[in-house]
Amino acid sequence: MPDMDDLGEVKVERRRLIALAYRLLGTVEEAEDAVQETYLRWYRLSDDERAAIDNPAGWLSRVTSRVCLDVLKSARARRERYVGPWLPEPVRPGFLGSPEDPADRATLDDTVSTALLVVLDAMTPAERVAFVLHDIFAVPFGDIAAVVGRSPAAVRQLAASARRRVAEQRADVAPLPEHDDVVRAFVSATAGGDLGRLVTLLDPSVVLRSDGGGRVSAARNPVSGPERVGRFLLGVLGKHPTWTISTEPTADGLGFTLVEDGAHRGVANLRVVDGRVTDVWIVLNPEKLGAWR
């Protein structure tokens, strides 16, 4: 049994727990708060109570998941107070820790992609917890049942429902090489102010969402349609002539960043289907750009 009072072991577990909580909550700050609350509960236990726990790592995972579940249940009320669209916090590839094998690393990065987190955010809290714990962290259904307060059979159904929704989102997504080629063309057209070229790269159903969180200027509502999305993007750069736009690796594949004097002002990810961009997610809220500083 690992000694959770050992600082080295605590740090290892903390990284794993933050990776779990981020996938459940969508922001690093909320993930860190959830893990902090978990450790407070651990150290509130008596020595005898901690000694009676056969699997401290499992105990920490369950408590972190319960804390996150409570946060997710209150998310609707919090989102109603949020200014403009809410988007998950983008992170750099490998930011939450990745294995050495490139194939495994790519798979792990996919589980923190904006595209996936947007889908997870539309699920019920129980669905999201069931999917993340089982499909990403391989937690048995019996253990998840104790977290969400459902039977193992009900949890299995929750995970299956969530899995179908994720599969639908991924069904038509372009392979990574095609995605990256479209992103490069998209950024080139945007940087060059070429509205005509930009519009040809946008799907007729394209929707742009920008998250400023009330901290900075951003569209309060989604922007729809190639012409409107194209003009919005060129307008943003026109209002900020000192900003530069460039491609940069993200958990979704190639994305783009908006930078001023070395500081990231925005990070964007795109969803590409059949050679065209169907979704643009731009995070401008400085509170969600900590991973890019």
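This structure is a prediction, so every number in the text was calculated from the model and none was measured.
- With Trp292 as reference, Glu248 is the one residue of Glu89, Glu248, Arg265 to meet the side chain to side chain contact (heavy atoms under 4.5 Å, CB included) rule.
- Counting heavy atoms from C-beta on, the side chains of Gln157 and Val155 never come closer than 4.5 Å.
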Report the C-alpha separation of Leu270 and Val182 in whole Å, then their side-chain angles, then the decisive distance to 0.1 Å, and conclude whether the side-chain contact (heavy atoms from CB on, under 4.5 Å) test is met.
CA-CA 9 Å; Leu270 310 179; Val182 171; 5.7 Å; no

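- No single ILVMFWY cluster, assembled from side-chain heavy atoms under 4.5 Å apart, contains both Val283 and Leu25.
- Two residues are said to be in side-chain contact when any heavy atoms from C-beta on lie closer than 4.5 Å; Leu202 and Arg276 fail this criterion.
- Under the 3.5 Å distance criterion, the side-chain polar atoms of Asp172 are left unmatched by any main-chain donor or acceptor of Val273.
- Counting only heavy atoms from C-beta outward, the side chains of Leu208 and Trp281 never approach each other to under 4.5 Å.
- You'll find the side chain of Trp86 reaches within 4.5 Å of the side chain of Thr27, heavy atoms only.
- From Ser217, atom OG reaches atom NZ of Lys239 across 5.5 Å, with rounding to the nearest 0.5 Å.
- Cluster membership check: Val187 shares its hydrophobic cluster with Val206, using side-chain heavy-atom separations under 4.5 Å among Ile, Leu, Val, Met, Phe, Trp and Tyr.
- The shortest heavy-atom contact between Pro226 and Pro204 is CD-O, 3.7 Å.
- Between the side chains of Ser61 and Arg16, at least one donor-acceptor pair of N or O atoms lies under 3.5 Å.
- The neighbour count for Arg78 CZ, taken as heavy atoms of other residues, nucleotides or ligands under 6.0 Å away, is above 12.
- Atom CZ of Arg163 has more than 12 neighbouring heavy atoms from other residues, nucleotides or ligands inside a 6.0 Å radius.
- For Asp203, the side chain to side chain donor-acceptor pair (under 3.5 Å) partners at least two apart in sequence or on another chain are Ser205.
- Of the possible polar contacts, none joining the Glu32 side chain to the Ile18 backbone as a donor-acceptor pair under 3.5 Å is found.
- Distance check, rounded to the nearest 0.5 Å: CZ of Phe137 to CG of Leu24 gives 7.5 Å.
- Using a 4.5 Å cut-off between side-chain heavy atoms of Ile, Leu, Val, Met, Phe, Trp and Tyr, with links allowed through other members, Ile144 and Val71 fall into the same hydrophobic cluster.
- Of the charged side-chain nitrogens involved, at least one lies within less than 4.0 Å of a carboxylate oxygen, so that Asp121 and Arg128 count as a salt-bridged pair.
- Placement of Val139 and Leu17 within a single hydrophobic cluster is found when ILVMFWY residues are connected by side-chain heavy-atom separations under 4.5 Å, directly or transitively.
- Atom-to-atom distance recorded for Leu233:CG and Thr190:OG1 is 5.5 Å, nearest 0.5 angstrom.
- Of the N and O atoms on the side chains of Arg23 and Thr111, at least one donor lies less than 3.5 Å from an acceptor on the other residue.
- At most 12 non-hydrogen atoms from other residues, nucleotides or ligands lie less than 6.0 angstrom from CD of Glu29.
- Heavy-atom neighbours of Asp274 CG from other residues, nucleotides or ligands within 6.0 Å: at or below the threshold of 12.
- Looking only at distances, no side-chain donor or acceptor of Gln36 sits under 3.5 Å from a matching main-chain atom of Asp33.
- Salt-bridge formation is detected for the pair Glu127/Arg165: a Lys NZ or Arg NE/NH1/NH2 atom is positioned less than 4.0 Å from an Asp or Glu carboxylate oxygen.
- Taken to the nearest 0.5 Å, the CZ atom of Phe256 stands 9.0 Å off from the CG atom of Asn269.
- The ring pair (Phe, Tyr, Trp, His ring centres under 6.0 Å) test applied to His134 returns Phe141, not counting sequence neighbours.
- Residue Leu69 comes nearest to Pro125 through the heavy atom pair CD1-CB, 3.7 Å, listed as atom of the first residue, atom of the second, then distance.
- Listed for the Lys288 side chain is a donor-acceptor partner under 3.5 Å among the backbone atoms of Leu87.
- Salt-bridge formation is not detected for the pair Arg164/Glu168: no Lys NZ or Arg NE/NH1/NH2 atom is positioned less than 4.0 Å from an Asp or Glu carboxylate oxygen.
- Tracing side-chain contacts under 4.5 Å through hydrophobic residues (I, L, V, M, F, W, Y), one never reaches Val272 starting from Val173; they form parts of separate clusters.
- Looking at every heavy atom in both residues, Leu158 comes nearest to Ala130 through CB-CB, 3.9 Å.
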